[in-house]
Chemist: 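What follows is a structure written as structure tokens; I'll ask about it next.
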Amino acid sequence: MKRAIYPGTFDPITLGHLDIISRACNIFDEIVVAVAQNKSKKPMFNFEKRIELVKKAVEDYPKVKVIGFEGLLANLSDELEANTIIRGLRAVSDFEYELQMGYANASLKKDLETIYLMPSLQYAFISSSIVRAILTHDGKIEHLVPEPILNDLKV
Ligand code: PNS
């Protein structure tokens, strides 16, 4: 049973995240999408809402479980008995942050492996922060977020 963890703040989940989840499903038997509480980021959507939105977005993905977590990812990987972390890599601008996080996790747990997946080019520009910025100005987000959560974001 190959299990991988896909961690993130998911504030909110986007089509880019969903594309990474689909790709991970082609490689692993089970994907645990782990929504971080990440209070320090002061998310737009609260912890419970972010978990609920991810759950709704992945309803048609039988290999995917969704959980919330607080604390270190390295500890979560112990609890879940999963030593593979999935992260999406869109552009060079993501690289520095991802590299630092990957090394930090590896320094905490030697056998923790991070695998980086590229989204389709059409999703490469999408980020949760772009979605939040557009939402703030009542702009259209249909092309950026999973269809099942569209109405939840608009209200
Ligand atoms: O979607 P994000 O905000 O880029 O995800 C960042 C996340 C949640 C993966 C990262 O903040 C994280 O792993 N938080 C848990 C705390 C932790 O383990 N920190 C040490 C590694 S930097």
Side-chain angles (χ1 to χ4, degrees), residues 2-25 27-28 30-58 61 63-136 141 143-146 148-150 152-153:
K2 282 192 292 172
R3 177 185 292 142
I5 306 172
Y6 180 38
T9 307
F10 301 104
D11 186 32
I13 184 167
T14 68
L15 283 176
H17 291 129
L18 204 56
D19 184 76
I20 298 295
I21 291 169
S22 306
R23 287 165 193 278
C25 284
I27 306 172
F28 295 94
E30 184 179 282
I31 309 298
V32 179
V33 180
V35 180
Q37 184 159 45
N38 240 340
K39 276 186 189 144
S40 60
K41 274 202 166 179
K42 297 201 168 65
M44 174 184 255
F45 297 94
N46 71 36
F47 189 38
E48 291 72 25
K49 183 75 183 176
R50 284 181 281 128
I51 296 170
E52 182 196 315
L53 292 173
V54 176
K55 281 188 175 163
K56 226 173 174 175
V58 300
Y61 293 71
K63 286 184 172 182
V64 179
K65 274 188 182 169
V66 182
I67 60 164
F69 81 104
E70 272 187 85
L72 289 175
L73 188 55
N75 294 344
L76 181 74
S77 87
D78 282 337
E79 278 168 41
L80 297 176
E81 297 179 352
N83 281 341
T84 309
I85 304 296
I86 303 286
R87 291 288 291 172
L89 205 52
R90 291 163 300 190
V92 177
S93 50
D94 284 341
F95 186 71
E96 215 170 317
Y97 169 60
E98 292 300 334
L99 192 73
Q100 193 178 31
M101 202 155 59
Y103 280 134
N105 283 326
S107 77
L108 295 172
K109 188 176 172 186
K110 203 160 48 73
D111 50 359
L112 195 56
E113 210 62 71
T114 307
I115 292 184
Y116 302 92
L117 297 178
M118 274 165 45
S120 297
L121 188 57
Q122 70 188 110
Y123 303 126
F125 74 99
I126 303 177
S127 65
S128 296
S129 57
I130 295 249
V131 172
R132 293 195 302 273
I134 295 174
L135 272 176
T136 309
I141 51 162
H143 56 309
L144 305 176
V145 301
I149 68 164
L150 201 52
D152 297 86
L153 297 181

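These numbers come from a predicted model, not from an experiment. Indexing begins at 1, ligand by ligand and atom by atom, following the structure's order.
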Chemist: Which residue supplies the protein heavy atom nearest to atom 19 (N) of ligand 1, what is that atom called, and how far is it?
Modeler: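 Heavy-atom neighbour on the protein nearest atom 19 (N) of ligand 1: Leu72 CD2, 3.8 Å.
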Chemist: Around atom NZ of Lys109, are there more than 12 heavy atoms from other residues, nucleotides or ligands closer than 6.0 Å?
Modeler: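 Above 12, so yes.
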Chemist: Can you sort out which atoms of ligand 1 are near Lys41, meaning under 4.0 Å from one of its heavy atoms?
Modeler: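 Under 4.0 Å from Lys41, ligand 1 has these atoms: 2 (P), 3 (O), 4 (O).
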Chemist: List the closest protein heavy-atom neighbour of atom 6 (C) of ligand 1: residue, atom name, distance to the nearest 0.1 Å.
Modeler: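 That would be Tyr97 OH, 3.4 Å.
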Chemist: Tell me the nearest of Met101, Arg87, Glu70 to atom 5 (O) of ligand 1, using heavy-atom distances.
Modeler: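 Going through Met101, Arg87, Glu70 one by one, Arg87 has the nearest heavy atom to atom 5 (O) of ligand 1.
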Chemist: Could you tell me whether Lys56 and Asp152 make a salt bridge, using a distance below 4.0 angstrom between a side-chain N and a carboxylate O?
Modeler: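 Looking at Asp152 together with Lys56, the answer is yes, because their closest N to O distance falls below 4.0 Å.
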Chemist: Quick test of your reading of the structure: of Pro7, Gly71, Ala36, whose heavy atom lies closest to atom 15 (C) of ligand 1?
Modeler: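 The option holding the nearest heavy atom is Gly71.
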Chemist: Ligand 1 versus Leu108, non-hydrogen atoms closer than 4.0 Å: side chain, backbone, both, neither?
Modeler: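 Neither; no heavy atom under 4.0 Å.
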Chemist: Decide yes or no for Ile21 and Tyr6: does some side-chain heavy atom of the first lie under 4.5 Å from some side-chain heavy atom of the second?
Modeler: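 Of all side-chain heavy-atom pairs linking Tyr6 with Ile21, at least one is under 4.5 Å.
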Chemist: Is any NZ, NE, NH1 or NH2 atom of the basic residue among Glu52 and Lys49 found under 4.0 Å from an Asp or Glu carboxylate oxygen of the other?
Modeler: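 So Glu52 pairs with Lys49 through a salt bridge.
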Chemist: Strictly distance-based, threshold 3.5 Å: is any side-chain N or O of Arg132 a donor or acceptor partner for the main-chain N or O of Asp11?
Modeler: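 Side chain of Arg132 to backbone of Asp11, a donor-acceptor pair under 3.5 Å: yes, one is there.
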Chemist: Are the side chains of Val64 and Val54 in contact, using a 4.5 Å heavy-atom criterion?
Modeler: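 Side-chain contact under 4.5 Å: no.
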Chemist: Does the protein place any heavy atom closer than 4.0 Å to atom 10 (C) of ligand 1?
Modeler: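 So atom 10 (C) of ligand 1 has protein heavy-atom neighbours under 4.0 Å.
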Chemist: Counting from 1, what ligand 1 atoms have a heavy atom of Gly8 closer than 4.0 Å?
Modeler: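 Numbered from 1, ligand 1 contributes 1 (O), 5 (O), 8 (C).
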Chemist: Consider only side-chain N and O atoms of Arg23 and Ser120, and report whether a donor and an acceptor are under 3.5 Å apart.
Modeler: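 Yes - a donor-acceptor pair under 3.5 Å links their side chains.
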Chemist: Of all the non-hydrogen atoms in the protein, which one sits nearest to atom 14 (N) of ligand 1, and at what distance?
Modeler: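 That would be Phe69 CZ, 4.4 Å.
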Chemist: So for ligand 1, is Leu73 a polar contact partner (N or O within less than 3.5 Å, distance only)?
Modeler: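 Yes; the residue has a nitrogen or oxygen that sits under 3.5 Å from a nitrogen or oxygen of the ligand.
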Chemist: Considering only the protein, which heavy-atom contact is closest to atom 1 (O) of ligand 1, and what is its distance?
Modeler: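 Ranking protein heavy atoms by distance from atom 1 (O) of ligand 1, first comes Thr9 N, 3.0 Å.
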Chemist: Is the shortest side-chain heavy-atom distance between Ser129 and Met44 below 4.5 Å?
Modeler: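 No - every pair of side-chain heavy atoms lies 4.5 Å or more apart.
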Chemist: Which heavy atom of the protein is the closest neighbour of atom 21 (C) of ligand 1, given with residue, atom name and distance?
Modeler: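 Ranked first by proximity to atom 21 (C) of ligand 1 is Asn105 OD1, 3.4 Å.
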